[in-house]
*Asks:* 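Before I ask anything, let me first share the structure, which is written out below as structure tokens.
The figures that follow rest on heavy atoms only: side chains count, while hydrogens, waters and symmetry mates do not. Order of the sequence lines sets the chain letters (A, B, ...), proteins ahead of strands, with each chain counted from 1. Everything quoted here is computed from the prediction, not taken from an experiment.
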Amino acid sequence: AQSVTQPDIHITVSEGASLELRCNYSYGATPYLFWYVQSPGQGLQLLLKYFSGDTLVQGIKGFEAEFKRSQSSFNLRKPSVHWSDAAEYFCAVAATGGFKTIFGAGTRLFVKA
Amino acid sequence: EAEVAQSPRYKITEKSQAVAFWCDPISGHATLYWYRQILGQGPELLVQFQDESVVDDSQLPKDRFSAERLKGVDSTLKIQPAELGDSAMYLCASSPRDGTSGANVLTFGAGSRLTVL
């Protein structure tokens, strides 16, 4: 069965510092991988996705993520965090063929001035 | 920009009462999802529709929850009777038809926050 693990419940970084949010997945084949962001009281917004091809994918708002098959990981990175990046970030995995998308428990990002 | 519409945004009810949530997906999106998100957790899929057919409802508590998408467009999720543990955000999402460009990319609505007293 598919599963997603986000080891960090919350992370605090200083504004301007770099960020890496960790995500590990479990799936028998190469899945579709996603990162979504959720602001308080709102729905989720897609940051980026990996389906195939180049393992380093670029997303919106300056985010990128790298798929590492050997580590079953899909970590999210940003070189310089802005205060507006404070939100909850969810990693997700979907089986190929349009089947259900499974979400991790999320990582809450706090940004300090 | 096209959006997924949900209503109501907030609902407060007493346990044992009935509640209903409505979702209007992005026009042309064949796949519609209802997720439940308990505070501090990730979204959990309750039911997935392809057009008017249920594709997956394995996590839907069928003794009290029901969902329908009669004409393959908008959808309603009902809870009867509501229990204290149902307090959560109910998120609707949609995506293009399986096998088409953008399938598996979910667009979410703003959600319906349910509080059961």
*Asks:* Is the count of non-hydrogen atoms from other residues, nucleotides or ligands lying under 6.0 Å from B:K71 atom NZ greater than 12?
*Replies:* no
*Asks:* Can you say whether B:S112 sits under 4.5 Å from chain A via the side chain, the backbone, both, or neither, judging by heavy atoms?
*Replies:* neither
*Asks:* Between A:Y89 and A:V57, is there shared hydrophobic-cluster membership here, with clusters defined by ILVMFWY side-chain heavy atoms closer than 4.5 Å?
*Replies:* yes
*Asks:* Enumerate by number any residue of residues 83-97 of chain B whose heavy atoms lie under 4.5 Å from heavy atoms of chain A; in the absence of such residues, state 'none'.
*Replies:* B:M89, B:L91
*Asks:* Does CD1 belonging to A:I9 count more than 12 external heavy atoms closer than 6.0 Å?
*Replies:* no
*Asks:* For a quick test of reading the model, state the closest non-hydrogen atom pair linking A:L44 to B:F108 and the distance between them.
*Replies:* O-CB, 3.4 Å
*Asks:* Give a yes or no on whether A:Y50 and A:V37 share a hydrophobic cluster (residues Ile, Leu, Val, Met, Phe, Trp, Tyr; joining criterion: side-chain heavy atoms under 4.5 Å apart).
*Replies:* yes
*Asks:* Closest approach of B:G42 and A:F90, non-hydrogen atoms and distance?
*Replies:* CA-CE2, 3.4 Å
*Asks:* Would you say that more than 12 heavy atoms from the other residues, nucleotides or ligands in this model lie under 6.0 Å from the NZ of A:K78, or not?
*Replies:* yes
*Asks:* Would you say A:V81 and A:I60 are hydrophobically clustered, going by side-chain heavy atoms of ILVMFWY under 4.5 Å?
*Replies:* yes
*Asks:* Do B:V73 and B:L32 sit in the same hydrophobic cluster, where Ile, Leu, Val, Met, Phe, Trp and Tyr count as joined when their side-chain heavy atoms come under 4.5 Å apart?
*Replies:* no
*Asks:* Taking all non-hydrogen atoms of both residues into account, name the closest pair between A:Y36 and B:N104 and its distance.
*Replies:* OH-O, 4.3 Å
*Asks:* Same cluster or not: are B:W34 and B:V105 linked, directly or through other Ile, Leu, Val, Met, Phe, Trp or Tyr residues, by side-chain heavy atoms under 4.5 angstrom apart?
*Replies:* no
*Asks:* Evaluate the side chain to side chain contact (heavy atoms under 4.5 Å, CB included) criterion for residues B:L45 and A:F103: first the C-alpha distance (whole Å), next the side-chain angles of each, then the deciding distance (0.1 Å), finally the verdict.
*Replies:* CA-CA 9 Å; B:L45 182 69; A:F103 288 84; over 6 Å; no
*Asks:* Side chain, backbone, both or neither: which part of A:Q38 has an atom under 4.5 Å from a heavy atom of chain B?
*Replies:* side chain
*Asks:* Counting only non-hydrogen atoms closer than 4.5 Å, does B:Q37 touch chain A with its backbone (N, CA, C, O), its side chain (CB onward), both, or neither?
*Replies:* side chain
*Asks:* Give the interface residues of residues 3-28 of chain B toward chain A, defined by a heavy-atom separation under 4.5 Å.
*Replies:* B:R9
*Asks:* So which residue, A:A105, A:A92, A:G104, ends up with the most heavy-atom pairs under 4.5 Å with chain B?
*Replies:* A:A105
*Asks:* With a 4.5 Å cut-off on side-chain heavy atoms, are A:T101 and B:Y35 touching?
*Replies:* yes
